[in-house]
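In what follows, every chain begins at residue 1, and chains take the letters A, B, ... in the order their sequences are listed.
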Number of protein chains: 2
Amino acid sequence: MNKKDLILDAMLELLKEKSNASISEIAKKAGIAKGGIYYYFSSKEEILDSLIDRSFNEIIENCRIKLQEKEADALLKISILFKAYFSQHVNSEIDTYLHLPQNAELHQKSLAKILMEISHILAEILKQGVEEEKFHCDFPDEYAEIILSVFTFLLDPGIFHWTINEIDTKLKALANLLERGLMIPSGSFSFLYEIDLSVQES
Amino acid sequence: MNKKDLILDAMLELLKEKSNASISEIAKKAGIAKGGIYYYFSSKEEILDSLIDRSFNEIIENCRIKLQEKEADALLKISILFKAYFSQHVNSEIDTYLHLPQNAELHQKSLAKILMEISHILAEILKQGVEEEKFHCDFPDEYAEIILSVFTFLLDPGIFHWTINEIDTKLKALANLLERGLMIPSGSFSFLYEIDLSVQES
């Protein structure tokens, strides 16, 4: 493992213990000299930013891998993407950290990042669906962003506090809106509300 | 004017000058004894929260007033609502304050508040449209929330940095998705992308 990852792992371990670890403590936990830390990062904030980035990159990368595993039509790919996205979550320590009031900016940045990355993937799938003549959509990039706005903002448990039933109804409404928007048969997007959201943490 | 509003006005004035006014300075500007401030607010944070609340309440209230001005069908009401919403903006000092990194939590809270309030108003209009047999929609509350997620999150200039053209395309896509979702003629929602967004600040 490279030193950068060692430092990030140490930071993650320390987050489990407390929210205000010092650079010295991070160095000690990582088994690296304090100066070694400063070779890679200029501040603790940069380490935390990098750790959160790594966590979200892993989620995005896993989604990509799942999608490459088999040839599938666009509809099946969307279901694979959402299942992959919801079956994963950032470490609960990172999640807790992101939902602290003082970390709202970082939280907002990470929501924006995940929206951009996943909506790119989703837009490609929507374009595939149009090519397959299954979907009818003149705005695949924008439809993808609208869908991801719902997932990353409206359904974020740190921003809104919906009950499981309310979330279920929102997913049914989104499925209904998308089926009509893409002009595909009603029920095509039922996988959206069959997702087990209890595993989702951020 | 009541004392509470006097204090909030003083806070707003001070925000124009600097970001770290003290309770003493607020009291002086408001022409109230320092003790008088503590009668209404327990901290500067509470004053700021209250000021931001008041600003957003004014926007929401103005939208309600505009809607009551004339009898209109649902489609016209949606256009009135969006024009009212976009023709207003919070004071630029409050807007700047909300977009400071350290105020991201307050910003997030205010986005959530505006989503909840305006989506209630929009949902009522959607229900009117269903009663008028113009719209076809089984999920008016949720459709309204999805629309507001786009407006408050995806289109927030403090979170994403889109060009005017990109925003225009997103609004066209949203209009297209809603026309299909509500099963109304294409072009019905063209007022969405005819809005002059250059006046929107938050």
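- Between A:Gln108 and B:His107 the shortest side-chain heavy-atom distance falls below 4.5 Å.
- Atom NZ of B:Lys66 has 12 or fewer heavy atoms from other residues, nucleotides or ligands within 6.0 Å.
- Note that CE of B:Met116 is 9.0 Å distant from CG of A:Leu154, once rounded to the nearest 0.5 Å.
- Contacts with chain B were tallied for A:Leu115, A:Leu148, A:Val150; A:Leu115 has the most, counting heavy-atom pairs under 4.5 Å.
- Within the 4.5 Å cutoff, side-chain heavy atoms of B:Glu142 are placed close to those of A:Thr169.
- Rounding to the nearest 0.5 angstrom, the gap separating the CD1 atom in A:Ile146 from the CG atom in B:Leu174 is 5.0 Å.
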Q.
Quick one, A:Phe153 with B:Leu111, criterion side chain to side chain contact (heavy atoms under 4.5 Å, CB included). Give me CA distance, side-chain angles, the key distance, then yes/no.
A. CA-CA 10 Å; A:Phe153 184 63; B:Leu111 294 181; 4.0 Å; yes
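- For the atom pair A:Ser149 OG and B:Phe151 CZ, the distance stands at 11.5 Å (nearest 0.5 Å).
- In this structure, chain A has no heavy atom under 4.5 Å from any part of B:Leu106.
- Here A:Cys137 contributes atom SG and B:Leu177 contributes atom CG; the two are 8.5 Å apart, rounded to the nearest 0.5 Å.
- Put simply, the side chain of A:Trp162 reaches to within 4.5 Å of the side chain of B:Glu145, judged on heavy atoms.
- Both the backbone and the side chain of B:Lys172 come within less than 4.5 Å of a heavy atom in chain A.
- By the 4.5 Å heavy-atom criterion applied to side chains, B:Lys170 and A:Phe139 are not counted as neighbours.
- From A:His136, atom NE2 reaches atom CG of B:Asn176 across 12.5 Å, with rounding to the nearest 0.5 Å.
- When each of A:Gly158, A:Ala104, A:Ala112, A:Ala173 is checked for heavy-atom pairs under 4.5 Å with chain B, A:Ala173 comes out on top.
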